[in-house]
Every structure is written in structure tokens, then in C-alpha cells.
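Here is the structure we will look at, set down as C-alpha cells.
One-based numbering, in listed order, for ligands and for the atoms of each.
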Amino acid sequence: MKDILTAPWLTELIRTCTNMYAHGWDERNGGNISLLLDEAEAAEYLDLNSVLRTIPTGFSAPELDGKHFLVTGTGKYFKNVQYDPAANLGLVRLTDGGRTAELLWGYSDGGKFTSEFPAHMMSHAVRLAVDPKNRVVMHCHPGNLLAMTYVHDLDEISFTRTLWQMCTECIVVFPDGVNVLPWMLCGTNEIGEATAEKMKTARLVVWAQHGIYGAGRDLDETFGLIETAEKAAEIYMKIAHLPRLNTIGDEQMHLLEAHFGVKAREGHLN
Ligand code: 13P
Ligand code: ZN
């Protein structure tokens, strides 16, 4: 059995947590990540028959039965993940139709998965139906996107169009745009269900006055999605109070679509 601390998927997740903290997106215990693993990938490093403990999830997710996830722990600080991965992360397998998580590694101080586990697992189920290669769900609190939800109208088309207008390559990176949830109580099955519903049509879901969710095939892609949206929000927050003399119009957006071979989400451009 290989040493789990050398597993590329573990080291990459640790680096991602450190990087997200460095970006200021994950103050204190803010943010959480879940990474879907192949059973064979996990089996190289762990005896998958050895269950440390079982943890009820409080929801069902039959589509994810038997699947393995590496998940950040609740109350854990992203800045500390690199120093004690076994306490701050856990590897779980969902069983019993998703109602139970079997802990195979981690949460070594008696902890458990993020309080946003419902939003993560329900989003995985939805994104896997759209894209079988989806493996990552990521949540964090980037300052400019959060700020934007206080001053910009939360209509999804309008929010998406503003972000696309802020940097030329936004429409190329997230042609599916962003969906937006109004403020809701976090850490509940209700916000999980609402997030998953929004994940049917976009890989980015903004939680007004809270943060953002991203989904993607790997950690880099998902990080990059959030990074690009956050950069756009940063430009918006720099210019929102100034007269706008220039912008990226729909004509230019169509040129970008044609040049980069992407299709903007239906109904989002004229
Ligand atoms: P957890 O510490 O439970 O992951 O919660 C952090 C967070 O961002 C809640 O939305
Ligand atoms: Zn949060």
C-alpha cells in the first residue's frame, strides 16, 4: 500500500486549499472542496474494506452510492490543511443510497465533512448527469463577487452579461454563464437542493451575500473558473461607480464565440 500523503490527488487538493487561502477567498473556515475519486485510485493508498466510522449525511443521493470523495472538514481552516491533512480532510464512501458516509481516512481529530456536504453531493449528482467527467465541486468566499451581490441586480442574465463584459476572455471561460441564488440559510439540504438545481445549467452558482460554487473536471479547471469570475467582479467593483465610456458589446461577444468555438448560453446575448 502506498503512502496516502504522496497521492497526487491528495497533494493537489492540499495545494489548492493553500492557494485559495492565499487568494483571500477562504478566511477562517470559509470554503470547502469535494473531489470525486475513482475506486482504483483510492485503492492504491487505502484498504477500502477498512471503515473507520460511519457518519449519517442527512440526505439521500442514490446516484452517488458507492462513490468515493475527498472532502474538506467542517470548521477547518484552508490555511492549515497543508500542515495536517489527516485532521483537515477526509476520504468517504457514500453508501445506503447516499444516506451514510463511510470514513476511510482522515478527520483524525473526530471531525466530519463540511457543513455544505448536501450542496456538494447534490451538485456532484447533477453535474455528473451533464458531464460524466465532472469530479470537483468547490465553494469559497471571493471578496469582489460577494461585494457585487450587494450592488448588482441578481437577475442571472444581467449578472452574467456584466461579468462577460468585464474581461474579454470571460465568455470563453464560462460561456454557460453564472446562476444566482438569493440569500439563503447555508449548510442546509434546502440550499443544497437549490444549488444543485442551478448546477443543471451552469458550472458557477453565486450565493448572494455569501460566496460562490464552481464545478469542473479537475481542481485547476474549477479554480480557474472561480478565478476568472472573481477577476471580472473585481473589474466591475473598480468601475461600477464611474461613467462607462467603453464596453465589450454583443457584436464582439459573437466574434469571440466564433474565434474560440464556444456558444454563449441561450438567451444571454442579442
Ligand atoms: P464548513 O467549515 O462547514 O466547510 O463551512 C464553511 C462555509 O463556507 C460554509 O458555507
Ligand atoms: Zn461558505
Side-chain angles (χ1 to χ4, degrees), residues 10 13-36 53 55-59 61 69-92 94 101 103 105-124 136-150 154 178-199 203-216 219 222-223 225-227 229-230 233:
L10 184 75
L13 190 111
I14 294 168
R15 284 189 195 133
T16 304
C17 290
T18 303
N19 193 18
M20 290 172 76
Y21 174 72
H23 275 67
W25 300 349
D26 298 278
E27 74 292 342
R28 200 175 183 273
N29 65 309
N32 21 77
I33 307 178
S34 56
L35 169 67
L36 172 63
R53 53 191 160 98
I55 312 171
T57 64
F59 57 85
F69 293 92
L70 182 62
V71 190
T72 54
T74 185
K76 300 304 188 198
Y77 294 23
F78 272 26
K79 77 183 176 69
N80 294 339
V81 173
Q82 60 181 320
Y83 304 114
D84 193 352
N88 291 291
L89 307 173
L91 200 159
V92 295
L94 291 184
L103 180 64
W105 174 83
Y107 306 143
S108 62
D109 59 1
K112 63 183 261 189
F113 40 74
T114 172
S115 59
E116 306 295 2
F117 203 51
H120 279 258
M121 293 303 111
M122 293 174 192
S123 295
H124 274 288
V136 176
V137 173
M138 186 182 280
H139 165 62
C140 57
H141 305 160
N144 293 290
L145 278 163
L146 228 159
M148 193 169 155
T149 67
Y150 286 85
L154 298 180
V178 300
N179 285 337
V180 183
L181 280 182
W183 188 92
M184 289 179 75
L185 188 62
C186 54
T188 62
N189 285 352
E190 288 69 30
I191 202 167
E193 283 153 15
T195 305
E197 185 60 33
K198 295 289 186 191
M199 282 277 179
R203 293 165 299 154
L204 287 168
V205 178
V206 170
W207 281 9
Q209 294 86 51
H210 183 136
I212 190 162
Y213 269 76
L219 288 161
T222 315
F223 180 96
L225 266 177
I226 293 176
E227 185 180 29
E230 169 62 3

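With hydrogens and angles ignored, the 3.5 Å screen pairs no side-chain donor or acceptor of E116 with any backbone N or O of C186. A donor-acceptor contact shorter than 3.5 Å links the side chain of T222 to the backbone of G216.
Which parts of ligand 1 touch H139 is read off a 4.0 Å heavy-atom cut-off, strictly below it: atoms 8 (O), 10 (O). For ligand 1, the atoms closer than 4.0 angstrom to any heavy atom of H210 are 10 (O). Within ligand 1, counting atoms from 1 as listed, the ones closer than 4.0 Å to a heavy atom of G31 are 4 (O), 6 (C), 7 (C), 8 (O). Shown in contact with H141 at under 4.0 Å from a heavy atom are these atoms of ligand 1, numbered in order with element: 8 (O). Atoms of ligand 1 found under 4.0 Å from any heavy atom of E116, numbered from 1 in the order shown, are 9 (C), 10 (O). Under a 4.0 Å criterion applied to the non-hydrogen atoms of T114, ligand 1 contributes the atoms 1 (P), 3 (O), 4 (O). Numbered from 1 in the order shown, with element, the atoms of ligand 1 that lie under 4.0 Å from a heavy atom of N29 read 1 (P), 2 (O), 5 (O), 6 (C).
Atom 5 (O) of ligand 1 has S115 OG, 3.4 Å as its closest protein atom, hydrogens excluded (heavy atom only).
With a heavy-atom cut-off of 4.0 Å, N32 touches ligand 1 through its side chain alone.
Under the rule for a ring-ring contact (aromatic ring centres under 6.0 Å, His included), the partners of H139 that lie at least two apart in sequence or sit in another chain are H141, W207, H210, Y213. Residues satisfying the side-chain contact (heavy atoms from CB on, under 4.5 Å) test with S108, not counting sequence neighbours, are A86, A87. Under the rule for a side-chain contact (heavy atoms from CB on, under 4.5 Å), the partners of P118 that lie at least two apart in sequence or sit in another chain are F59, M122, N189.
Around the Zn ion (ligand 2), the protein atoms of type N, O or S that sit closer than 2.8 Å are H139 NE2, H141 NE2, H210 NE2.
In this structure, K112 places its NZ atom where only 12 or fewer heavy-atom neighbours from other residues, nucleotides or ligands lie under 6.0 Å away. Remark: R15 CZ is loosely packed, at most 12 non-hydrogen atoms of other residues, nucleotides or ligands lying under 6.0 Å away.
Side-chain N/O atoms of H120 and T114 include no donor and acceptor closer than 3.5 Å.
Interatomic distance, K79 NZ to C17 SG, rounded to the nearest 0.5 Å: 13.0 Å.
Using a 4.0 Å cut-off between charged nitrogen and carboxylate oxygen, D84 and K76 do not count as a salt-bridge pair.
Between F78 and the choices T18, T16, I33, the side chain to side chain contact (heavy atoms under 4.5 Å, CB included) rule is met once, by I33.
Considering both main-chain and side-chain atoms, G30 never comes within under 3.5 Å of ligand 1 through any nitrogen or oxygen pair.
Proximity of G75 to ligand 1 is established by a heavy-atom distance of less than 4.0 Å.
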